[in-house]
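Comments concern the structure below.
In what follows, chains carry the letters A, B, and so on, assigned in the order in which the sequence lines appear, proteins first and then strands, with residues in each chain numbered from 1. All of these numbers come straight from a predicted model, not from anything done at the bench.
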There are 2 protein chains.
Amino acid sequence: MTAVSRPRRSDATRAAILRAARERFAADGYDRATIRAIAADARIDPSMVMRYYGSKEGLFAAAAEFDLRLPALAAVPAEQLGEVLVRHFLDRWEGDETLAALIRTASTNPGAAERMRGIFAEQIGAAVVRLGTDPATAARRAGLITSQILGLAFTRYIVRLPPMAEAAPEELVAWVAPTIQRYLTGPVPASA
Amino acid sequence: MTAVSRPRRSDATRAAILRAARERFAADGYDRATIRAIAADARIDPSMVMRYYGSKEGLFAAAAEFDLRLPALAAVPAEQLGEVLVRHFLDRWEGDETLAALIRTASTNPGAAERMRGIFAEQIGAAVVRLGTDPATAARRAGLITSQILGLAFTRYIVRLPPMAEAAPEELVAWVAPTIQRYLTGPVPASA
DNA sequence: ACTGTAGGCCAACAAGCGTTGACATCAACT
DNA sequence: AGTTGATGTCAACGCTTGTTGGCCTACAGT
């Protein structure tokens with residue numbers, strides 16, 4: 001409720017902790033990423049982590065702040081939406097380990113799973129709705145898109161299945177874009 | 001190299017341990033599933049787990065023995081392959097928690113990730129090759145199929161994204177089957 | 001120059017972990 | 001009946017974990 005707090009002297013430390021935490025959570029998952037290891041990476045004492053983030057869960061919450069940074073889809077020609085989306089996600093994740101941290105942690109940590117539900121339901125769901133999709137099927141479409149996008153991330157970055165981990169991004173875009181395109185704009189199939 | 005060992009008196013105990021282990025690993029992942037908790041579920045002493053399975057890793061190896069049980073695809077009409085595959089996986093996993101255990105553990109445990117690579121590369125890869133697919137693209141096709149199948153499993157059983165977790169199996173089949181069908185038998189896209 | 005406060009380190013805690021070895025118990029075979 | 005080996009229990013070990021509180025240091029405001 002007051003003015004923006006002026007920079008604290010400890011901001012560098014806080015940032016170092018956060019950077020180390022993201023790396024460790026991404027590489028090891030929540031349980032195996034210990035506060036001691038994160039503190040060692042950041043070259044500070046473990047107790048500083050507690051002081052600044054309260055607890056391990058608090059640290060994770062701060063480290064897993066995550067924005068898909070979806071581009072403005074309204075400006076994209078309708079038939080290129082799949083391509084744009086897949087390329088965006090690959091670009092977005094090649095350099096940022098936060099998604100890997102989130103996937104690894106969401107696998108075993110209910111809180112992180114909840115956060116993941118929120119991120120994808122809201123951001124992808126909202127984008128689908130914004131495109132003018134029939135609201136009755138929008139949620140299902142968003143879920144299907146999420147399933148393929150997360151499956152891509154899981155096989156490429158987490159399990160590192162060779163054909164997926166070694167493929168060139170453009171090749172993956174060419175294969176996967178039609179899937180996303182159909183989930184997004186294709187007709188509802190005549191289900192049983 | 002001798003005759004099949006006659007039933008041991010401890011077989012019931014071994015089975016109880018294995019059942020409890022699968023449940024716990026599936027529900028909690030490798031790190032949070034403690035030997036003590038598994039032993040408590042099986043109503044035996046933690047030390048029995050060590051006696052029969054050597055270590056926690058040995059127990060997991062035994063619990064995560066996993067066969068996709070792919071049906072004979074040669075008998076399936078070519079244009080129904082996607083449908084048959086998706087329905088098979090959903091059927092296979094609705095009742096068996098082993099896949100969830102494997103996914104949860106593969107997220108953080110390198111050994112389990114290696115096992116997962118083996119299972120999908122060999123079983124799905126082999127099935128794709130067996131269908132007479134061009135060997136040059138078979139691995140990529142298998143990887144793409146795995147990405148969608150695992151993405152389905154991840155969103156439905158692990159993260160439990162509402163639109164995916166609550167959908168009727170037949171509805172998912174109708175949406176996802178064309179994706180698998182295209183990855184399996186569709187033309188190689190003109191990639192950049 | 002003095003003081004208050006924020007930043008940082010150190011040592012320790014209680015709890016939980018996988019794992020071990022000694023001891024009891026029971027079934028089977030001579 | 002007595003021996004033997006498998007089956008199970010109990011208590012403890014060494015280690016790591018998240019977390020805490022006390023203490024020292026250095027800077028900002030007066």
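Pairs passing the salt bridge (charged side-chain N to carboxylate O under 4.0 Å, His left out) check and including a residue from residues 99-108 of chain A, sequence neighbours excluded, do not occur. The stretch residues 24-33 of chain A participates, sequence neighbours left out, in these salt bridge (charged side-chain N to carboxylate O under 4.0 Å, His left out) pairs: A/R24-A/D28, A/R24-A/D41, A/D31-B/R32, A/R32-B/D31. For residues 112-129 of chain B, every residue pair satisfying the salt bridge (charged side-chain N to carboxylate O under 4.0 Å, His left out) rule, not counting sequence neighbours, is listed here: B/E114-B/R117. Residue pairs meeting the ring-ring contact (aromatic ring centres under 6.0 Å, His included) criterion with at least one member in residues 126-172 of chain B, sequence neighbours excluded, are A/F154-B/F154.
Taking the nucleotide of DNA chain C with the nearest heavy atom to each of A/R36 and A/D45, the more 5' of the two is matched to A/D45. If you find the closest nucleotide of DNA chain D to B/T13 and to A/T34, the one lying nearer the 5' end belongs to B/T13.
Residues forming a side chain to side chain contact (heavy atoms under 4.5 Å, CB included) with B/A26 (at least two apart in sequence, or on another chain): B/E97, B/A100, B/A101. Looking at residues two or more places apart in sequence or on another chain, you find no salt bridge (Lys or Arg N to Asp or Glu O under 4.0 Å) involving B/R182. Under the side chain to side chain contact (heavy atoms under 4.5 Å, CB included) criterion, A/E57 pairs with A/Y30, A/S55, not counting sequence neighbours. Contacts of A/R92 classified as salt bridge (Lys or Arg N to Asp or Glu O under 4.0 Å), with partners at least two apart in sequence or in another chain: A/D96. A/R22 is linked by a side chain to side chain donor-acceptor pair (under 3.5 Å) to nothing, counting only residues two or more places apart in sequence or in another chain.
Comment: A/E166 does not engage A/R160 in a salt bridge, judged by the lack of any side-chain N to carboxylate O separation of less than 4.0 angstrom.
For the contact set between residues 103-116 of chain B and DNA chain D, defined by any heavy atom under 4.0 Å, there are no members. Of the residues in residues 20-27 of chain B, none lies under 4.0 Å from DNA chain C by heavy-atom distance. Contacts between residues 52-62 of chain A and DNA chain D, defined by a heavy-atom separation below 4.0 Å, involve A/S55, A/K56, listed by number.
For A/P46, the side-chain atoms get nearest to D/dT19 when compared with the rest of C/dT20, D/dT19, D/dG8. Of the candidate nucleotides C/dC9, D/dT19, D/dT9, D/dT19 has the atom lying nearest to any side-chain atom of A/M50. For A/R51, counting side-chain heavy atoms from C-beta on, the closest listed nucleotide (D/dG22, D/dT19, C/dG18) is D/dG22.
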